[in-house]
Structure formats: structure tokens, C-alpha cells
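To keep things clear, I will list the structure first and then write my remarks on it.
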Amino acid sequence: MKSAWVERDAKAAVDHWAKTGVATDLALRVYTTRLLGGDPKLVLHGGGNTSVKTHVQDLLGEDAEVLCVKGSGWDMGSIEPAGMPAVRLEALRKLRARTAMPDEEMVRVQRASLIDPQAPNPSVETLLHAFVPHKFVDHTHATAVLSLIDQADSEALCAETYGRRLGFVPYIMPGFALAKKAAEVFEKNPEVEGLILDKHGIFTFGNDAREAYERMIEFVTLAEERLHKKGNAKFAGTRLPHRIASAAEVAPVIRGACTLRDAYGEGAHKRLILHFRSSDTILNYVSGKDVARYARAGLITPDHVIRTKPWPLIVPAPETGKLDDFKNAAQQAAHKFMDDYAAYFARQKARANGAAMHDPLPRVVLVPGLGLFGLGASAKDARVAADVAEAAVEGISGAEAIGAFKSISESDMFDVEYWPLELAKLGQRKPLPLAGQVAVITGAGGAIGAATAKAFAQAGAEVALLDIDADAAAKSAKTIGGAALAIACDVTNAASVDTAFNQVVAAFGGVDIAVSNAGAAWQGKIGDVDEALLRESFELNFFAHQKVAQAAVKVMLKQGMGGCLLFNVSKQAVNPGPDFGPYGLPKAATLLLVRQYALDYGAAGIRANAVNADRIRSGLLTQDFIKERAKARGLSEKEYMSGNLLQREVTAEDVAQAFLHQALELKTTANVTTVDGGNIAAALR
Ligand SMILES: [Zn+2]
């Protein structure tokens, strides 16, 4: 590992932050914190922190000696001065005299000692930073160091690798007791350049930002060199089937196995999003004969537990063509996992301070021959779980190369998993109604599709936007942001639809909702219309709906947790307009298609509903067309667009809300919701 310190960049950071009144100490602290946070081999998703001891003016304009330490909720890779709250150092140092201190009180004192009462909570490791005298203190959970210290004889290995340059602190959960112990270890040998926290991570000290940072790099490099003498462990492989099924085939099966029926209502499920990863190192690890031993031996560093649970689910290797066998085995393995988790909670619950059991679903699934999946309530959480799982693969493979991986005890692990201060890193999030669901929307480059994708994303779903116009899909996806996925898809082409659904499954692990919305209007007097034109309209306005529904149902049945098909049928399906036969006829067939899906797949929990909308500004009803129609009828544009019983213009957002309601109505199928402002002639009987 090489130092990323660049003198010119450090100076630029100082100049940049000086413009906003940030002093040099804090600017350099931000600079090296970002260097550490930018390397996943050093810092992953909130796993590390840094500090600087300096002086600031308090709110009364008086000088105060403070510790600026990483604040909760900030990512080291993108931290700013506001993410390093200043805490009065004298107050923190006074706490050293205590013999014990509950976490809540520690947090209260830390908050009471903030210079800015609105600053974020200082890190849970603040006291450790305060109790050592050095100006700059850096802390990471570097993977290579973890490989060295996740061993039974970690102390001897550290002595061999670092000599007396680093102090060795036995495992204690973060908080007051750890800070006190670390200070004691330091004081026994004040010459040390940092501390090893057994089974947890490493601290380095420095009189300036560069010294503390480059010591971190040097000690991590020494750990890497110690490991590389032997390279990563090459695990003896297990027997694998000749041909392994693909991740896209396997993901919906795993997703369906790792689910819970939700107490919220019959038909509801707690669903998770999947994120797939594979590499040579991952394959070697997941396909190892002893994977159950080393993968279930615990965590490489305790705070991973909130992202990955204490252990992963391990399923058998999936053989091509034998997915039914795989499904049975995966379900059995998942049930066993949930039972094991409940038993673990029952064994340890006296330590939970009355907290309820977290859901027992796995957050990491190892698939021999294929790779690993991270699971989470959102695509982001799933990716974070996969990142952390990949770090565990690296760390454990490294540990096994030089010895045998050893983690903390089950009760120590439980303490961190149910520790309110650790869980605070996840933030307070109210679950959204479609959280964990995957929605595919066709015609998503158009007005109704784009509005629907947006409404579903706001309700918590992960959305895939399909459109024949790739740029239009990408544009709509961009307005949503996050993990929204844009895919070019010609819904009249079966291969294109299959490819698109495979892409969605590869990205999110499955499909729960399909909004078959793409359509276009053809006109012609039915008595003399060209048959080719009629067939063309049937291709898009009927057969494409069938292709999309078929592809969706295939995935939903693999998952086995029901699903929701939503169709855009026009008012033409029930109330034909003159010369709109070529448009209305296939739409009428699609209305019947909705009912057929409701009938044939109700027993599988798959619902099929339609929205019957009229007169929406869109690609079908363009500005010029509206102008022309309004003029022909002697109406203003507004009067034309509001020509309904309620005299209100109907918008794409209104249609989107109707789709959203149908997606949420778990007891509703074969329903048609009319969104047209009121039109008695088009009212459904
Ligand atoms: Zn730590």
C-alpha cells in the first residue's frame, strides 16, 4: 500500500477550506481523512474515524482547546469540516478519572461538551482519541491488519510484525472501558506509534496529519507483507456440478427463500433486494470444502455485524437445469438460518436490554461455484452488505493463509449487534410502503411511465425503466437518481423483453411489480383500415403486454411470493372513439388479458389490475394535437383538457398514483381504476 499524500493537494485543501474560515489543522484533518476513507482496503461504510486536537473560538468568541473528531453519519471518503464536530478536550479528559461509565452518559457528556450544540454526535470512539496525547489520531479497520489480528495468537504475530512500535489492546467493545484500557496500554510504553485493538482494528498517532496518516499506511503495508509471504489462502475446493446456473437464474430463488411473511397483512412479505458479486478470490472462498467452518466463524471486525449479521447463509451449488432441487435446498438452508438466528437471540437476549429480535433473514448468501449476494432493504443496503462481505472474504482468506481465522466470542458479537450506539449508524428510517420491492415500468421514457417510476421510487421501490428509446429511459431514470436502472427494450420483441428482465434480476435479484405501460395510438376507419396497420397496433397494444406479463410471471413464480401486474388500458378499451378502432381493439383485448392473468395466477398470489386513463398530456396527446382539437371544438386548451365531469385536467401523476394504489391493495385483483375526471359514457359497468 502506497501513501496517497500529495504535498500540492494538501496545500490546495488548506487554501480551499481557508476560504470558508476553516483553520489549517482541521483542513489537513479533512484531507487525510478523505485519503483513508477513499480506500476500501482501509475504511468501509462508517468503519473508522479520525481526530485532531486543536483550538477554536467557542460561541462566545473565547479560545477553547478541542478535539475535532469524526461525527456520526459522515462518510470518511467525503467528509467535510462540518462532519468533524469540536468537543471540549478538558471535559473529555476529566472522564478518565471515572471507573465506569454507561454509554448513554458518555453520549450525554460528549454532546454537552460540543462547541456547536447542533453538531452531529461525536464518534463512539471519541474518548479513545481524547485519552491519548497526540495531535492527530487515525483509526481504521484495514483488511490486512484484520487478517493478522483475527488469530488465536494475534499478540505474538503483532510483536513479530511490528516489534514494540505498536501497543496491543485486548478485545473490549468500543466505549468508555475500551478508551480507558487503550490509554493504559499506551502509557506503559508512550513511545508507541499506535495501537492494535485485537479483533477490531488499528490506531496510529502523529504530531502532524501526514505522520499519523503515513504511519497507518506503513503499518498496513507491513501487515500486507507479512500476509503476502504466503499469499491468500487457496482453499481446497468442494466437488461442484459440471455446469453452474447463472446469477440471474439463481437470484429470484434465493430472494424467495430469504423472505418472511409480513405481519402487516395476508399476502404481504418482507422482501429484500439482492446485489451479486464474484471474483477469483470470492469463488475460491465460497467453493472451499471447509466454507462452513471459516465463513461461519464470525466477523473480521465487530461493526460489520449491523450490515451482514453474525454469519452468512450458505446454499448448495446450483446446477444448470436442476433449479427445482436448488430451490428446495435453498429454502431448507434459509429456514435453518432463521432458526439458528432465533436460537442465537434466545441464548443471548439477556444482554439485549429489552430490545426486540431483529428480523432473522440473512444479509449475505454464499453460493459455491457462483459468488456471493449482499441482501438489504434497498439496493444501496444490498450493495453495502456485498462490500462488507467481500472485505470479509479478503480478510478471512488472508487470515487462513497464515493460520486459522478467529473472531470475537458470540456474546461479544451480540453486544455490538444490539448496541444502540452502533445501530445509530444505520439512521432512523421509517420503512416506506414499497421498500424491498422491485418494479419494472415499460414506456418509462414517456410521461405516464416516467411519473409512475417516480411515484414507485418515492414509495420505496427499486425501479427499472424500460423504453425503446434508451436516451428517454436514461433521462427519466436520472430524475429519480439512486439505483434507478434505465434499460433499452423493444417490448414487441420477446428476446428484448427477456434480456431486459434478466438485467433487472441481475441488478436487484427479482421482480415484484410490472407496470406494462408502453403503447401508441393508431387511427383508421375500421371498414377500410389496412390490416398491416391493425396488426402493428396489436403487436404493441396487446402482444407486448402479454410478453411483459409472461416475463414478469416467470420471475414471480420462481420467487414464490406473489406479485403485481399492472396494465395501462385506455378509455378506448371500454368506450371507443370514432376512427380509433386500431387503437381500441387491442386495448380491449388487453383488458381481458388482465382478467385472464388475475384468474390464472390468483392462486400464486399474483394480482393483475389495470388503469383506464383518458386525455393525459403525453407522447400520444401532444401539445400540437391538443391545440388542434381544442380549436376544432371551439374550446380553450384548458377547457378541452378539463372536458370531464369534474372539470379538472387529468395528469400523468394522477395515473401514477392510481397504479401505486393498485400495487398497495393486496386484496384487489382484476380491478380497473378509471382516471379520467369523470366520463359517464366510459364508466365501467
Ligand atoms: Zn473501530
Side-chain angles (χ1 to χ4, degrees), residues 29 32-33 36-37 39-51 67 69-77 79 83-84 103 106-107 110 120-132 134 136-150 154 158 166-183 185-186 194-205 212-213 215-216 219-220 223 298-308 384 387-388 391-392 394-395 407-408 412-426:
R29 180 67 284 179
T32 56
T33 301
L36 294 169
D39 187 340
K41 286 189 184 309
L42 290 172
V43 171
L44 257 190
H45 304 297
N49 41 64
T50 58
S51 69
L67 178 80
V69 61
K70 201 200 92 148
S72 172
W74 283 80
D75 184 336
M76 283 173 66
I79 202 152
M84 305 280 312
D103 293 333
M106 180 180 83
V107 171
Q110 285 175 186
N121 269 339
S123 155
V124 295
E125 276 151 346
T126 294
L127 290 183
L128 203 164
H129 288 262
F131 290 174
V132 294
H134 306 83
F136 284 83
V137 176
D138 293 15
H139 169 48
T140 74
H141 303 161
T143 315
V145 172
L146 293 174
S147 295
L148 200 66
I149 63 180
D150 288 342
S154 49
C158 285
L166 290 176
F168 187 87
V169 184
Y171 181 79
I172 300 175
M173 179 173 162
F176 179 74
L178 173 61
K180 220 172 138 99
K181 181 73 189 173
V185 171
F186 166 75
L195 296 171
I196 287 290
L197 269 50
D198 193 26
K199 313 286 185 282
H200 170 164
I202 174 172
F203 275 77
T204 54
F205 310 141
Y213 167 74
R215 280 178 172 168
M216 178 65 73
F219 289 125
V220 174
L299 303 149
I300 56 169
T301 186
D303 77 343
H304 284 186
V305 75
I306 60 166
R307 313 284 186 181
T308 63
V384 169
D387 286 346
V388 173
E394 285 279 343
S407 183
I408 53 175
D412 281 335
M413 189 159 64
F414 184 89
D415 286 347
V416 178
E417 188 178 3
Y418 284 82
W419 188 28
L421 298 192
E422 192 65 48
L423 292 168
K425 282 187 188 168
L426 300 176

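Indexing begins at 1, ligand by ligand and atom by atom, following the structure's order.
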Which residues and atoms, counting only protein N, O or S, are under 2.8 Å from the Zn ion (ligand 1)?
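Short answer, with waters excluded from the count: Glu125 OE2, His139 NE2, His141 NE2, His200 NE2.
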Under the ring-ring contact (aromatic ring centres under 6.0 Å, His included) test, residues paired with Phe176 that sit two or more places apart:
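Expected list: none.
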Hey, does the side chain of Ser72 reach the backbone of Pro122 with a donor-acceptor pair shorter than 3.5 angstrom?
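No, because the side chain of Ser72 does not come within donor-acceptor range (under 3.5 Å) of the backbone of Pro122.
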Atom of Ser154, atom of Lys199 and distance for their closest heavy-atom approach:
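Looking at all heavy atoms of both residues, the shortest contact is OG-NZ, 3.3 Å.
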So which heavy atom on Thr140 is nearest to which on Leu42, and how close?
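Minimum heavy-atom separation between Thr140 and Leu42: CB-O, 3.3 Å.
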Check this for me: does any side-chain nitrogen of one of Arg29 and Asp138 sit under 4.0 Å from a carboxylate oxygen of the other?
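Salt bridge between Arg29 and Asp138, a charged N being under 4.0 Å from a carboxylate O: yes.
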Parallel, tilted or perpendicular: rings of His139 and Phe203 (30°, 60°):
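If you compare the ring of Phe203 with that of His139, the planes turn out parallel.
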